There are 2 protein chains.
Amino acid sequence: MREPPAVTNDICFCPLFGLLDVIAKKWALLIIAILGNEGEKGFNDLKRELGCISPKPLSDTLKNLERIGLVNKKIMETSPPTVKYSLTSDGRVLREHLIPMLVWISERGGQEIPGCPIRTGIHQERINQPG
Amino acid sequence: MREPPAVTNDICFCPLFGLLDVIAKKWALLIIAILGNEGEKGFNDLKRELGCISPKPLSDTLKNLERIGLVNKKIMETSPPTVKYSLTSDGRVLREHLIPMLVWISERGGQEIPGCPIRTGIHQERINQPG
DNA sequence: CCGTATCCGATAGGATACTG
DNA sequence: CAGTATCCTATCGGATACGG
């Protein structure tokens, strides 16, 4: 990115970029939305609910979300070890802001993709339950 | 993207992707936020306010936002012609959902970038005025 | 079950120069 | 002023195979 504006009077959005660089991506937003449902989820739970994501972008996104403190990863010492992802408290706050936006987007209607068992919109009850 | 899930019981997020593919990017979100301030803006107004964006991504993003009906482009037949970008009514609705999220993000604090005249947060009055 | 490794294609996005 | 053109790099993200 080019040097930020030098003049002090200018507004600079850099304070937003630490988070925006991670969450302003479709998978990240959906993961935050989904993680608030029904408590903790495993890697493959998420993969299944997202429907069409490859393991690599899911893994990458989860690591980034964990790094910036929105997602918590818990490893239980069972055998085999059980892994559970959940939102941190910050993640839950962010989600509260995010959900109305996603609901509106889904209600406005999106792209129809051939072969997709499309819904008229996201089922609000699926993304609006307390985490 | 891989084929969406075939089983009807599965949730599919495809309805979200038409919009998400465009707006789930840092520049798009900031442009929607800024365009709601102080009425219409020209290309270089936006460029200046965004602070560190190259003309190509700005041009690309504006075209995408216009294509999906969130941004309106008006060309006035002055000489030289005057171009003004503004939010459509849908764009304004989306922005209403977006702003609280951006404000929270900026208040939580982001990345400190060397050379950036960083603020403790976005000035809420700058992104919260009626469009 | 939970990923990592690898490879690959598509695209976001930056720098710069230039045009009407 | 409002972009377009060109080139380039980085990264997003998919597919598949594999390992703990």
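None of these values were measured; they are calculated from a predicted model. To find a chain, count down the sequence lines: A is the first, B the second, and so on, and within it residues start at 1.
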Selected nucleotide, minimal atom distance to [X] side chain, candidates [options]:
| X | options | answer |
| --- | --- | --- |
| A/Lys26 | C/dC2, C/dA12, D/dG14 | D/dG14 |
| A/Pro55 | C/dT4, C/dA15, D/dG13 | C/dT4 |
| B/Trp27 | C/dG14, C/dC2, C/dT4 | C/dG14 |
| B/Ser59 | D/dG3, D/dG14, C/dG3 | D/dG3 |

State which residues pass side-chain contact (heavy atoms from CB on, under 4.5 Å) with [X]; sequence neighbours excluded, sorted by chain then number.
| X | result |
| --- | --- |
| B/Asp90 | A/Trp104, A/Arg108, B/Leu70, B/Thr88 |
| A/Lys63 | A/Ser59 |
| A/Ser89 | A/Arg92 |

Please report, rounded to the nearest Å, how far the [atom2] atom of [N] is from the [atom1] atom of [X].
| X | N | atom1 | atom2 | answer |
| --- | --- | --- | --- | --- |
| A/Ile53 | D/dC12 | CD1 | P | 12 Å |
| B/Lys41 | D/dC1 | NZ | P | 14 Å |
| A/Lys47 | D/dG13 | NZ | C1' | 13 Å |
| A/Asn64 | D/dT11 | CG | P | 11 Å |
| A/Asp21 | D/dT11 | CG | C1' | 11 Å |
| B/Leu50 | D/dA2 | CG | P | 14 Å |
| B/Lys56 | C/dA17 | NZ | C1' | 15 Å |
| A/Lys25 | D/dG13 | NZ | C1' | 11 Å |

Inset, instruction - Could you say whether A/Asp60 or B/Asp45 is positioned toward the 5' end of DNA chain D, judged by the nucleotide with the nearest heavy atom to each? - result: B/Asp45
Legend entry - Any A/Lys63 side-chain nitrogen or oxygen under 4.0 Å from OP1 or OP2 of C/dT4: yes
Legend entry - Minimum-distance pair of heavy atoms, taken over all atoms of A/Leu98 and A/Ala33: CD2-N, 4.4 Å
Legend entry - Residue pair B/Ala24 / A/Leu29: nearest heavy atoms and the distance that separates them: CB-CD1, 3.9 Å
Inset, instruction - Mind running a 4.0 Å heavy-atom check of residues 77-85 of chain A against DNA chain C and sending the residues that fall below it, in number order? - result: A/Val83, A/Tyr85
Legend entry - Set of salt bridge (charged side-chain N to carboxylate O under 4.0 Å, His left out) partners for B/Glu40, sequence neighbours left out: B/Lys74
Inset, instruction - For A/Lys41, check salt bridge (charged side-chain N to carboxylate O under 4.0 Å, His left out) against everything at least two apart and list the hits. - result: A/Glu38, A/Glu49
